[in-house]
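Here's the structure, in structure tokens; my notes come after.
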Amino acid sequence: TFAYGQYAVLRDADVTLALSTDCNPGTSWCESMPYVVQLACLVYGMPARDALWSATRGGAAALRRTDIGRIDVGHRADLAVLDVEHEADLVAHLGNAGCAATVLGGEVWSRRGLV
């Protein structure tokens, strides 16, 4: 772990950061990626845009996967559609996932099922 403000040092050194939940019954029950992004911003001083990148492309890079972590032609299209007007809203509403829909394999799912 690192302290508030050290993110800039890592960014300036071109370190690729990945954010994840590490959800497991032994040490962490956190299942919320929006909450992980919020913590990265509030605890470590990451700008919302960088935290979102680290949660998507950074995570894919950590797994050495080039086919995931971004929205692009030819990619799988697994993503969460967040109900926010601006990326900063994700951080401003602590603990609120704001997930309007989920896309799995290019199919849009709502909380009630396939749309």
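- Gly58 approaches Thr16 most closely through the heavy-atom pair CA-CG2, 4.2 Å.
- Heavy-atom minimum distance, Val91 versus Ala48: CG2-CB, 4.1 Å.
- Expressed to the nearest 0.5 Å, how far CD of Glu87 lies from CZ of Arg49 amounts to 6.0 Å.
- The CG atom of Leu104 sits 6.0 Å away from atom OG1 of Thr102, with the distance rounded to the nearest 0.5 Å.
- Clustering ILVMFWY residues whenever any of their side-chain heavy atoms sit less than 4.5 angstrom apart, transitively, puts Ile71 in the very cluster that holds Val81.
- For the residue pair Val84 and Leu90, the shortest heavy atom distance occurs at CG1-N, 4.2 Å.
- Note: Glu31 CD to Thr21 OG1 = 8.0 Å, rounded to the nearest 0.5 Å.
- Cys41 approaches Ala51 most closely through the heavy-atom pair SG-CB, 3.7 Å.
- A continuous path of Ile, Leu, Val, Met, Phe, Trp and Tyr side chains, each step under 4.5 Å between heavy atoms, connects Met46 with Val15, placing both in one hydrophobic cluster.
- Remark: side-chain polar atoms of Thr56 are paired, donor with acceptor, to backbone N or O of Leu52 under 3.5 angstrom.
- Minimum interatomic distance between Tyr7 and Tyr44 (heavy atoms only, all atoms of both residues): CB-O, 3.6 Å.
- Atoms CG and CG, from Asp78 and Asp67 in turn, are 10.0 Å apart once rounded to the nearest 0.5 Å.
- When the side chains of ILVMFWY residues are joined at heavy-atom separations under 4.5 Å, either directly or via intervening members, Trp29 and Tyr35 end up in two distinct hydrophobic clusters.
- Put simply, CG on Asp50 and CG on Leu19 are 10.0 Å apart, with the number rounded to the nearest 0.5 Å.
- Nearest approach of Ser20 to Met33, heavy atoms of both residues: CA-SD, 3.8 Å.
- A distance of 12.5 Å separates CG in Leu79 from CD1 in Ile68, rounded to the nearest 0.5 Å.
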